[in-house]
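The basis for the numbers below is simple: all heavy atoms, side chains too, and nothing from hydrogens, waters or symmetry mates. Order of the sequence lines fixes the chain letters, A, B, ..., with proteins taken first and strands second; residue numbering starts at 1 for each chain. Values in this document were obtained by computation on a predicted structure and should not be read as measured data.
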Amino acid sequence: MARVTRSLATAFVIGLTLTGCGSATPSPTGSAAALGGDITVYAAASLQGTFTELAASFEAANPGTTVVLNFAGSSALVTQIIEGAPADVFASADTDNMARLTDAALGDGEPVDFATNVLTIAVPPGNPAGITDLTDLTRPDVRLVACAPEVPCGAAAETVAASAGVTLSPVSEESSVTDVLGKVTSGEADAGLVYVTDVAAAGAAVEGIEFAEAASAVNTYPIVPVTGSASADVARAFVDYVTGSGGAAVLRAAGFGAA
Amino acid sequence: MTFSLDLHVADRDVSLHLDVAAGETVAILGPNGAGKSTLLGTIAGLVTPDSGRCELNGTVLFDLPGAGRGPRTWRAPHQRGVSLLAQEALLFPHLSVLDNVAFGPRSAGAPSGRARQIATHWLREVDAEQLAARRPAELSGGQAQRIAVARALASDPGLLLLDEPLAALDISVAPTVRRMLRRVLAGRSALIVTHDVLDAYTLADRVVIVEGGRIVDQGTPAEVFDRPRSAFAAGLAGLNLLTGVRRGTTLITADAAAPVANIPEPGVADGAPLSLAVRPGAVSVSIDPPADSQLSSVRAELIDLEPRGDFVRARSAVLAADVSPKEAAQLDAAVGSPVWFSFAAAAATLYPTVPSDRTTSS
Amino acid sequence: MTVPRWVFAVAGLGAVFVLLPLVAMALRVNWTEFVPLISSESSVAALLLSLRTSLAATALCVVFGVPMALVLARTDFWGQKVLRSLVLLPLVLPPVVGGIALLYTFGRRGLLGQTFGLLGIEIAFSTTAVVIAQTFVALPFLVLSLEGALRTVGSRYEAVGATLGASPTTVLRRITLPLVLPAVLSGAVLSFARALGEFGATLTFAGSLQGTTRTLPLEIYLQRETDPDTAVALSLVLVVVAVVIVSLAHRTGEPSRRRARALS
């Protein structure tokens, strides 16, 4: 769990409290000017970079609020929330896991799609196997690593393979994108199927090779406040912030597509 | 000569030479820490000395000339033909008695059937044939030691080493095992380390006394224990040992203040080094000088009176005497004062300190 | 000694702490679907792969561990203490770290992997990689338990054997190994259990592919994403197998303790 607070913001909050011009606790009237309180945001692991940045700027823009972030696989997060984990906002990497939350009547309002992500081919720097498109991944000398079909990135890989009319035979089907990237960065695998944003986040460790069929499996990211929040107004404000123009700019810069 | 050993351990100041003739059993006695067990370990190949040389039946067991002085030879324990029997039987717990005894022949390459034949033979020799099928855990201490003897003999060693083989046994069992050992050791080359004079008398042809890393005395058991040359051997034999030089009929001991007067005819020249051995039981103690002028006597301080069962040992720095409790009661007031120790000439043995009839190697 | 009553209370709390999670898991098992869940194709493949690789790893542990324990227990050389600590390192190392280390050794760009690659041997993503990972983490268990047993038994029987004319190999075969056999067995069982539960190093080093590298723990980890019922059912299977193994190890370990007592 990453606790994101800017010392500047904290100092500002303390300053306001001391001068009596604001309050660190939610105001009973709930007016926008007095927005304050702690929220915990459960977000898909692939949102780590963008949400860390967004949470910081949200806190700066709304003195008196604190955003605590918890990143993990969407499936694990939904399970935790259903089991009673104290989440105020849930951002999923796919609609299926969001559906599990809303089916459990834990969504406060309708989820809003705020970003999309598509698969790309990750190769080690220099692309030693000379991969240029999806069909190259079927070459017998190419060691491909993908996600297992049970997890969203694996399901997406199956979809793009089907739409391209190729059969992929990965040497390993990992449980997470991180594990796929690890195999590629270490050079064990010649290629891996991961999301565009993962390649962007990995920096120079891998190269991304886009392919046309990726469009057949667009992954949509929905976000929703969780019911029963003690700081429902802050949770709603954060969701609005992520789905607004400020959020979009940060998400686009990280490689996410518009919803 | 079948066996010879030269041993030097510099940092323990050990330097000795030992021979064992074919068929001879040699008992090694010495105070604790004299390195007796180390000596056996060295011969068996379990301990490496600084330098030395050891030969058995023409085979060099080891030849260690010392650092930088020629090539070193070291034969592994299993290639020596030397069996070591320790205080504890150390029978292999996972093997039956028969297989324990058959272990040596099997290791020498005998087929299983032949090895068991040899084992059965040796079990019979130690009167333990009926134990063949048992496990070591089912044996008494005496039984286990018998099996251990059979096992050691079954490997047909050129030299048998015994390290206090009776020490761990019950007093009631030791005599029968000792008799059995006497029977099987007859005509066999063996070295036996012991603390027990009886072992030496019963089992050994020759006794070697080791003290301070040196051989201080050796000879037949009778020679060594009747005419001891070391305080240790005298102690084992239960004898008072006085050493000094002869001045007429007086023995001047190292403690010049206590000359022994009126000694019997010693058979050595005046001024020659002389040893005198006498049993404490043959020594009397009196507050006044002995009335009988024939008695040998010495005046010395009575240090203490120590009850020992049915008699009391009266000790001085020179001599000890065993007296009756009644006599001891009379002497009680004299503790700390000089008293007279006296004995009949016939009870004492006098001999030259460097005897012509015994040498340091046989 | 008489155990003070409060010790029982604390011990009871400790036992509850260990047992309660197992009970909680058993309560979550979907018993009506239990058999179909654990007999699905992927479950059976994972279970069989786990058994196969763990057996192979155990065999390797015995082959390498027995000589290692002998060297550590019976010889004395410069740097031995350091060597022992290093050999036992996988016991305390996070398995993921072990996996990374193995990757840099046997991986395609690893220390030995490059040489193997030239010989046409690819280890990464193969069942061999799973066995290597399991052996790596399980080996210390065998070495540790056997070294202890060797020290307890001592070398006196071996010395007797040598003076009876047995060569070092004969002594090893007919005296040392029979004496420590219970420790070899219990060590092997512990190694098997550790190999069976191995996850981190396998995931990092070997990958995850049904029938090739996806062992039972990896299958549980994967199923947890989408099918918690299967994950829980398979977890229970693993727990049962582990319980059986641990009790086996206890039983085989006992004769060695009895024997050790008899010696002392």
Side-chain angles (χ1 to χ4, degrees), chain A residues 44-45 72-80 82-83 92-94 96-97 99-100 104 124-126 128-129 140-155 157-158 168-192 205, chain C residues 24 28 40-43 45-46 96 99-111 113-114 116-117 120 122-130 133 199-215 217-232:
Chain A
S74 303
S75 163
L77 291 175
V78 176
T79 307
Q80 287 170 21
I82 293 174
E83 299 281 347
S92 172
D94 64 339
D96 286 358
N97 278 307
R100 284 175 61 204
D141 62 315
V142 171
R143 296 215 281 187
L144 170 70
V145 175
C147 289
E150 286 87 344
V151 291
C153 58
E158 282 198 328
L168 300 174
S169 314
V171 293
S172 182
E173 296 175 346
E174 306 289 343
S175 302
S176 74
V177 172
T178 320
D179 290 327
V180 175
L181 267 181
K183 300 290 192 295
V184 176
T185 52
S186 67
E188 289 305 302
D190 298 312
Chain C
R28 280 298 178 94
S40 74
E41 192 204 337
S42 60
S43 301
V96 179
I100 291 172
L102 287 172
L103 202 59
Y104 290 148
T105 313
F106 297 101
R108 205 195 236 182
R109 294 178 184 176
L111 217 52
Q114 291 181 345
F116 285 152
E122 296 276 0
I123 290 174
F125 306 118
S126 68
T127 306
T128 309
V130 178
F199 171 74
T202 310
L203 188 68
T204 316
F205 173 51
S208 171
L209 190 66
Q210 183 179 327
T212 306
T213 52
R214 189 175 296 151
T215 56
L218 268 68
E219 175 72 15
I220 292 170
Y221 180 63
L222 180 63
Q223 291 300 342
R224 206 181 55 106
E225 288 286 323
T226 50
D227 190 355
D229 279 356
T230 305
V232 171

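- Counting non-hydrogen atoms of neighbouring residues, nucleotides and ligands closer than 6.0 angstrom, the CZ atom of C:Phe199 exceeds 12 such neighbours.
- When heavy atoms are compared at a cutoff of 4.5 Å, A:Val145 approaches chain C solely by way of its side chain, counted from C-beta outward.
- Once rounded to the nearest 0.5 Å, the distance linking CG of C:Leu103 with NZ of A:Lys183 reads 7.5 Å.
- The distance from the OG atom of A:Ser75 to the CZ atom of C:Arg224 is 7.0 Å, given to the nearest 0.5 Å.
- For a heavy-atom cut-off of 4.5 Å, chain A lies close to C:Leu203, C:Thr204, C:Gly207, C:Ser208, C:Leu209 in residues 203-210 of chain C.
- Here the straight-line distance linking atom CD of A:Glu174 with atom OH of C:Tyr221 works out to 9.5 Å at 0.5 Å rounding.
- Summarising the geometry of A:Ala148 relative to C:Arg214, their closest heavy-atom pair is CB-NH2, 4.0 Å, with the distance given to 0.1 Å.
- Looking at A:Pro152, there are no atoms closer than 4.5 Å to chain C (heavy atoms on both sides), in backbone or side chain.
- Taking the ring-ring contact (aromatic ring centres under 6.0 Å, His included) definition, one finds that C:Phe116 meets it with nothing, sequence neighbours left out.
- Scanning both residues, A:Glu188 and C:Phe125, for their nearest heavy atoms gives O-CE1, 3.5 Å.
- A heavy-atom distance below 4.5 Å is found between the side chains of A:Pro124 and C:Arg109.
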